[in-house]
Amino acid sequence: AQSVTQLDSQVPVFEEAPVELRCNYSSSVSVYLFWYVQYPNQGLQLLLKYLSGSTLVKGINGFEAEFNKSQTSFHLRKPSVHISDTAEYFCAVTPIPQGAQKLVFGQGTRLTINP
Amino acid sequence: GAGVSQSPSNKVTEKGKDVELRCDPISGHTALYWYRQRLGQGLEFLIYFQGNSAPDKSGLPSDRFSAERTGESVSTLTIQRTQQEDSAVYLCASSFAGYNEQFFGPGTRLTVL
């Protein structure tokens, strides 16, 4: 089984400041990792994903994340945030394909950007 | 092209009533998933359909919950004898076969009074 822990439930930052949203996971098998964003009153949108290869992955809207296998982490970063980045961010994993591909999500981190 | 659509967008019901939630996946997507998002929490997997294979129902919280899918098209999630703890946003997602990015619908917000 897999589990995902997002270490911060809320992160307030000022506009143009850098931000890091932390994600740790637990799994007995290898996994794929994802970050999704949920803007107010909308569905989830994929920000980025790690499947294999380079551990630094770049996504949409200037976000990037680094997979660290030894620390079982997949932290999300952005060097300079904008008001429009205000949203809820979810880290998720799925076991490398063995059958059903359900996603296991963390509890979410609410990112609030202040002017 | 059209994304995943869900209906209704909002549903208010009384405790003990049955409800049906509908999901229209992206055309050509063979996999369809239902998740539940309770207030302030992450998403919980409910059920997964893949082509003609038996669905993975391992996430359904009780026998009051059931889901059907006709071929590779529409799916309905049915909750019988609703309880207040069923109040949540129910999200549907679809994808191509095997691992692939899941595309999410806007969700149905269910409120049980």
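These values consider heavy atoms only, across backbone and side chains, with no hydrogens, waters or symmetry-generated copies. Sequence lines set the chain letters: A, B, ... in the order given, protein chains first and strands last, and positions in each chain run from 1.
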Taking side chain as everything from C-beta outward and backbone as N, CA, C, O, which of these in B/S58 sits under 4.5 Å from a heavy atom of chain A? Side chain, backbone, both or neither.
side chain

Got a sec: does the CD1 of A/I60 have more than 12 other heavy atoms crowding it under 6.0 Å?
yes

Hey, is CZ on A/R77 packed in by over 12 heavy atoms from elsewhere, all under 6.0 Å?
yes

Side chains of B/W34 and A/K102 in contact at under 4.5 Å (non-hydrogen atoms)
no

CG of A/L46 to CD of B/Q102: how many Å apart, nearest 0.5 Å?
10.0 Å

Among the clusters formed by ILVMFWY side chains lying less than 4.5 Å apart, do A/L48 and A/Y39 turn up in the same one?
yes

Where is the tightest heavy-atom contact between A/F90 and B/Q41, given as atom of each residue plus distance?
CE2-O, 4.0 Å

Keeping the roles fixed (side chain from B/Y35, backbone from A/L103), state whether a donor-acceptor pair exists under 3.5 Å.
yes

Answer with side chain, backbone, both or neither: which region of A/Q6 has an atom nearer than 4.5 Å to a non-hydrogen atom of chain B?
neither

A quick test of your reading: do over 12 heavy atoms of other residues, nucleotides or ligands sit less than 6.0 Å from CD of B/Q83?
yes

Are B/L21 and B/L91 linked, directly or through other ILVMFWY residues, by side chains that come within less than 4.5 angstrom of each other?
no

With a 4.5 angstrom heavy-atom cut-off, is it the side chain or the backbone of B/Q37 that approaches chain A, or both, or neither?
side chain

Atom CD of A/E15: over 12 foreign heavy atoms under 6.0 Å
yes

Heavy atoms from other residues, nucleotides or ligands near CD of B/E85 exceed 12 (cutoff 6.0 Å)
yes

With a 6.0 Å cut-off on ring centres, are A/F105 and B/F45 close enough?
no

Side chain to side chain contact (heavy atoms under 4.5 Å, CB included) between B/L43 and A/V104: does it pass, once the steps are laid out?
CA-CA 8 Å; B/L43 279 76; A/V104 176; over 6 Å; no

